[in-house]
Amino acid sequence: MAEETTAKTGNSALSHFWREVQGSNNWENLVEPLHPLLRKEIIRYGEFVAACYKAFDLDPTSKRYLHCKYGKSRMLNEVGMEDCGYTVTKYIYATPDINIPMQNEASRGHWIGYVAVSSDESAVKRLGRRDLLIAFRGTVTNHEWVTNLMSSLTPARLDPNNPNPDVKVESGFLSLYTSDETKSKFGLESCREQLLSEVSRLLNKHKVEDLSITLAGHSMGSALALLLAYDIAELGLNKTDHETVPITAFSFGGPRVGNPSFKQRCEELGVKVMRIVNVNDPITKLPGMFLNENFRVLGGRYELPWISCSCYAHVGVELVMDFFNVQNPSCVHDLETYISLLKCPTKTLHTRKEGFDNLLNRARELIFSARSLKSICL
């Protein structure tokens, strides 16, 4: 069956196959082996995320410190993506709810990513729809690192009409997503308010067209991407007069975001998540290295429902990579390494849904048996 599907779609143009590539069938028969169109799309969205890092100003002496180096109209051009066919419509800022004094910082709001839309008509034709893209960078600042360490679950309660207390997410990520500076005269709206407003505007503007909502992020940015995907779907913002706009998140080296009830709710809402993961990347094991979706079933036999609300669970389908370099240990989480190895068709990749792997044993291997890790980083 897999061979038939691959043969049938191998020569298909993306314009006729985009719903499957966006996960309409949970990428069934597209990952083993990895379908060439899916590979290209994963790489393409990864490069949109990499653009965040290239454009982020980390020079403390710069007037744009912790903001984007460039204006919206030329950002993609400046990072070498002038032919991508997308236009940036809004920059997104996030405000960690952490009080840490930092030098040369007038506001705690940091540039975290951007919203873009496929605007070039030739690109729209090639994609088969108009794509609304939201890209997020990963952790860079001290505020964000502290936020990442706030490892406790709290009810999401993003929909005031359905405040399901069982759906819980990591408190640090939720704080970064929902905190604002509106108490100050020129303070920022929350990351959430900025995003929902712009997504709603674009959906309304293009409501008579075939649309997709694609979110892409690396590390902490993956968590924000998943929170936004869930938020849009829970609020029903992706429902137009003639269709439900598909929502897909491409996560690169992302951590867990919520508990099993959060995972279940994302699935019920039709949120599709493709997680690109290096088995040697410690960030993908957190939070919940021990209290996770595998711990719920003790020894593969005994269900422990009482911890369902207090443990973490990954969402979606994994595309698993395996790379490590003793001379450069940081490569295990580096986005550029993820992308460069995805561009090599000979590299071994496989997929799995969370719950089938023994994550605890893999974590032990990572911590205690570094010699067993295969070195394939260049």
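Side chains of Ser212 and Arg129: a donor on one and an acceptor on the other come within 3.5 Å. Defined by atom type and a distance below 3.5 Å, a donor-acceptor pair is missing between the side-chain atoms of Ser179 and Thr95. A donor-acceptor contact closer than 3.5 angstrom is absent between the side chains of Asp322 and Asn278.
Side-chain atoms of Glu268 and Gln264, non-hydrogen and from C-beta on, do get closer than 4.5 Å to each other.
No donor-acceptor distance shorter than 3.5 angstrom exists from the side chain of Arg137 to the backbone of Val49, with no hydrogens or angles considered. Counting only distance, with no hydrogens or angles, the side chain of Asp57 and the backbone of Cys68 share no donor-acceptor pair below 3.5 Å. Without hydrogens or angle criteria, Arg256 side chain to Lys285 main chain gives a donor-acceptor distance under 3.5 Å. In this structure, the side chain of Ser197 does not engage the main chain of Gln194 through any donor-acceptor pair within 3.5 Å. At distances below 3.5 Å, not a single donor-acceptor pair connects side-chain atoms of Ser219 with backbone N or O atoms of Gly253. Looking only at distances, a side-chain donor or acceptor of Glu193 sits under 3.5 Å from a matching main-chain atom of Ser190. Counting only distance, with no hydrogens or angles, the side chain of Arg19 and the backbone of Ser24 share no donor-acceptor pair below 3.5 Å. Counting only distance, with no hydrogens or angles, the side chain of Asn25 and the backbone of Trp27 share no donor-acceptor pair below 3.5 Å. In this structure, Asn259 contributes its side chain and Lys168 its backbone to a donor-acceptor pair below 3.5 Å. In terms of modelled atom types and a separation under 3.5 Å, the side chain of His314 and the main chain of Thr284 share a donor-acceptor contact.
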Inset, instruction - Kindly indicate, with the supporting measurements, whether the criterion side-chain hydrogen bond (donor to acceptor under 3.5 Å, both in side chains) is fulfilled by Ser62 and Asp59. - result: CA-CA 5 Å; Ser62 171; Asp59 180 2; 5.2 Å; no

Legend entry - Worked verdict on Ser152 versus Glu170 for side-chain hydrogen bond (donor to acceptor under 3.5 Å, both in side chains): CA-CA 6 Å; Ser152 62; Glu170 202 264 355; over 6 Å; no

Legend entry - Working for side-chain hydrogen bond (donor to acceptor under 3.5 Å, both in side chains), residues Ser330 and Asn328: CA-CA 6 Å; Ser330 64; Asn328 181 24; 2.9 Å; yes

Legend entry - Intermediate values then yes/no, side chain to side chain contact (heavy atoms under 4.5 Å, CB included), Tyr114 and Leu76: CA-CA 11 Å; Tyr114 60 93; Leu76 291 173; 3.9 Å; yes

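The pair Asp231-Arg192 meets the salt-bridge criterion, since a charged nitrogen lies less than 4.0 angstrom from a carboxylate oxygen. Remark: Glu121 does not engage Lys125 in a salt bridge, criterion side-chain N to carboxylate O under 4.0 Å.
The hydrophobic cluster containing Val124 does not contain Leu133, counting ILVMFWY residues as joined when their side-chain heavy atoms lie under 4.5 angstrom apart, directly or transitively. Val245 and Leu227 end up in the same hydrophobic cluster when Ile, Leu, Val, Met, Phe, Trp and Tyr side chains are linked at under 4.5 Å.
Between Tyr91 and Tyr93, the ring-plane angle classifies as perpendicular under the 30° and 60° cut-offs.
For NZ of Lys69, the number of neighbouring non-hydrogen atoms (other residues, nucleotides, ligands) closer than 6.0 Å is greater than 12.
When ring centroids are compared, Tyr338 and His333 stay outside the 6.0 Å threshold. Centroid-to-centroid, the aromatic rings of Tyr53 and His218 come within less than 6.0 Å.
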Sequence neighbours left out, cut at 3.5 Å: what donor-acceptor pairs do the side chains of residues 80-87 make with other protein atoms?
unit_1, atom_1, unit_2, atom_2, d
Tyr86, OH, Arg44, NH1, 3.1
Tyr86, OH, Asp131, OD2, 2.7
Thr87, OG1, Ser119, OG, 2.5

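Across all their heavy atoms, Cys191 and Leu176 have their closest contact at CB-O, 3.9 Å.
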